[in-house]
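These numbers were taken from a predicted model, which means no experiment stands behind them.
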Amino acid sequence: MSVVVTGATGQLGRLIVESLLRRGVPAGQIVALGRSVDRLADLADRGVVVRAADYTDPESLRAAFADAEKLMFVSGSEVGQRVPQHHNVIEAARQAGVGLVVYTSIAHADTSDLLLATEHRATEEELRASGLPYVLLRNSWYLENYTGQLPGYLAHGVAGSAGDGRVSAATRADYAEAAAEVLTTDGHAGQVYELGGEAFTMTELAAEVSRQSGRDVSYTDLPVPAYTELLVSAGLPEPYAATLADADRGIAHGALYVPVEHLEKLLGRRPTTLAEALRVAG
């Protein structure tokens, strides 16, 4: 089995490669792709095949996908550029005759009104039209989106525009393990998996931070424009801040809520919880 993993220099792609290795996939049958192969040198030292590839360079993709049986297509990180970039990936996979494409999408991509969902929906539509066998991994939010803000929560509290909405966040490691399960077992072609962990509200997030830290941390709900301004004042570029605030707006209406059982089934266990993730981060 030859498995090509795009975006292996990124956090999720790297974790997927590590999950494949833990599952016993021979290193020589894993191809790790990235724009900067220097960042993959340690994988090469372990026997993983390393190739340079760029979503904006169709020729590099065609060369990287040569003889690929399965393609782990990790979505690009450049919001606003992903439709043409993802087209390049799908076309190169089609030309290479890849046997299965596993794509990391977003929760409810086909019906979601999130700004982030637009490019994912377009990619899913192109995959369906390509004639390639595919699997859609519609990942909800990362728990790291919250645990990474722990110092700020302790200093200023939790703020957002999510209201009482519940978000089904899971760790990157759990999403990676689910992807590795799909890549190494049969019967997944044509499946759409809505994946996420045990759901929580922002008020519950603040309460858990309070419980573990012994400090009084509360959640402040803001209108979307005010939350966008807050994120900009914290140093985020305005387009990125607006996208994050829009995600919170969606959370308030269930856009990032999915049943935990879907991820649990692929993992064969309960996903990492918010409380566990905060404990590690703290």
Side-chain angles (χ1 to χ4, degrees), residues 11-13 15-16 18-20 22-23 72 74-75 102-114 116-117 120-121 124 134-150 153 158 160-185 187-212 219 244 247-282:
Q11 296 179 78
L12 180 61
L15 287 168
I16 292 171
E18 296 289 355
S19 292
L20 291 171
R22 282 197 304 273
R23 285 171 170 263
M72 181 63 242
V74 178
S75 58
V102 181
Y103 174 64
T104 59
S105 188
I106 196 170
H108 312 297
D110 55 338
T111 59
S112 176
D113 67 350
L114 291 184
L116 280 173
H120 288 296
R121 181 161 52 251
E124 289 189 6
Y134 65 86
V135 183
L136 302 179
L137 303 181
R138 290 180 174 167
N139 296 342
S140 184
W141 233 214
Y142 295 136
L143 273 173
E144 288 86 350
N145 292 348
Y146 302 109
T147 60
Q149 299 186 66
L150 187 54
Y153 294 158
V158 180
S161 299
D164 294 324
R166 304 181 71 78
V167 58
S168 302
T171 63
R172 285 189 181 90
D174 280 351
Y175 288 130
E177 190 174 331
E181 169 70 11
V182 169
L183 289 164
T184 57
T185 57
H188 302 285
Q191 295 298 311
V192 178
Y193 294 107
E194 300 280 356
L195 302 178
E198 294 181 6
F200 55 88
T201 66
M202 295 303 99
T203 298
E204 290 169 341
L205 166 63
E208 185 59 32
V209 173
S210 297
R211 187 185 71 80
Q212 292 196 24
Y219 171 61
L244 290 180
D248 257 36
R249 174 200 61 79
I251 289 171
H253 298 96
L256 290 174
Y257 172 81
V258 298
V260 67
E261 290 80 11
H262 296 187
L263 180 57
E264 191 171 67
K265 181 178 180 180
L266 288 178
L267 294 177
R269 60 170 172 80
R270 176 180 55 80
T272 303
T273 64
L274 171 66
E276 291 165 343
L278 284 171
R279 194 171 299 121
V280 171

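The two atoms that bring Ala281 and Thr147 nearest to each other are CB-CB, 3.8 Å, heavy atoms only. For the pair Gly196 and Leu263, the tightest heavy-atom approach, listed with the atom from each and the gap, is O-CB, 3.6 Å. Here the closest non-hydrogen pair linking Glu204 and Ala199 is OE1-O, 4.4 Å. When every heavy atom of His108 is checked against every heavy atom of Ala255, the shortest pair comes out as CD2-O, 3.3 Å. Shown here for Ala173 and Leu15, the closest heavy-atom pair between the two residues is N-CD1, 3.7 Å. Shown here for Ser112 and Ala107, the closest heavy-atom pair between the two residues is CB-O, 4.0 Å.
Atom-to-atom distance recorded for Leu183:CG and Met72:CE is 6.0 Å, nearest 0.5 angstrom. In this structure, OH in Tyr219 is found 10.0 Å from OH in Tyr153, a value given to the nearest 0.5 Å. In this structure, the separation between NE2 on His253 and CG on Asp248 is 11.5 Å, given to the nearest 0.5 Å. Between the OH atom in Tyr175 and the CG atom in Leu266 there is a gap of 12.0 Å [rounded to 0.5 Å]. Rounding to the nearest 0.5 Å places CD1 of Ile106 at 9.0 Å from CG of Asn139. Here the CG atom belonging to Asp174 is positioned 10.5 Å from the CD atom belonging to Glu264, to the nearest 0.5 angstrom.
The pair Arg270-Glu276 meets the salt-bridge criterion, since a charged nitrogen lies less than 4.0 angstrom from a carboxylate oxygen. Using a cutoff of 4.0 Å between basic side-chain nitrogens and carboxylate oxygens, Arg211 and Glu208 are scored as salt-bridged. Here Glu177 pairs with Arg269 in a salt bridge; the nearest charged N to carboxylate O distance falls below 4.0 Å. Using a cutoff of 4.0 Å between basic side-chain nitrogens and carboxylate oxygens, Asp113 and Arg249 are scored as salt-bridged.
Proximity of Ser168 to Glu198: side-chain heavy atoms (C-beta onward) are nowhere separated by under 4.5 Å. Between Val167 and Tyr257, every side-chain heavy-atom pair lies at or beyond the 4.5 Å cut-off. Considering only heavy atoms from C-beta on, Arg138 comes within 4.5 Å of Val192 through its side chain. Two residues are said to be in side-chain contact when any heavy atoms from C-beta on lie closer than 4.5 Å; Leu136 and Glu124 meet this criterion. Inter-residue side-chain proximity for Thr203 and Val158 is flagged as unmet; no heavy-atom pair is nearer than 4.5 Å.
Surrounding CD of Gln11 are at most 12 heavy atoms belonging to other residues, nucleotides or ligands under 6.0 Å away. For Asp164, the CG atom sits in a loose shell: 12 or fewer heavy atoms of surrounding residues, nucleotides or ligands are nearer than 6.0 Å.
Taking the six-membered ring where tryptophan is involved, the planes of His120 and Tyr103 are tilted, since the angle between them lies from 30° to 60°.
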Legend entry - Derivation of the side-chain contact (heavy atoms from CB on, under 4.5 Å) call for Leu195 and Val258: CA-CA 6 Å; Leu195 302 178; Val258 298; 5.6 Å; no
Legend entry - Verdict with reasoning, Leu143 to Thr273, per side-chain contact (heavy atoms from CB on, under 4.5 Å): CA-CA 9 Å; Leu143 273 173; Thr273 64; over 6 Å; no
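Judged by the 6.0 Å distance and 45° axis criteria, Arg172 is positioned over the aromatic ring of Tyr142.
Applying the side chain to side chain donor-acceptor pair (under 3.5 Å) criterion to Tyr193, with sequence neighbours excluded, gives His188.
Between the side chain of Ser140 and the main chain of Leu256, a donor-acceptor pair closer than 3.5 Å is present. Under a 3.5 Å cut-off, the side chain of Gln212 and the backbone N or O of Val209 do not form any donor-acceptor pair.
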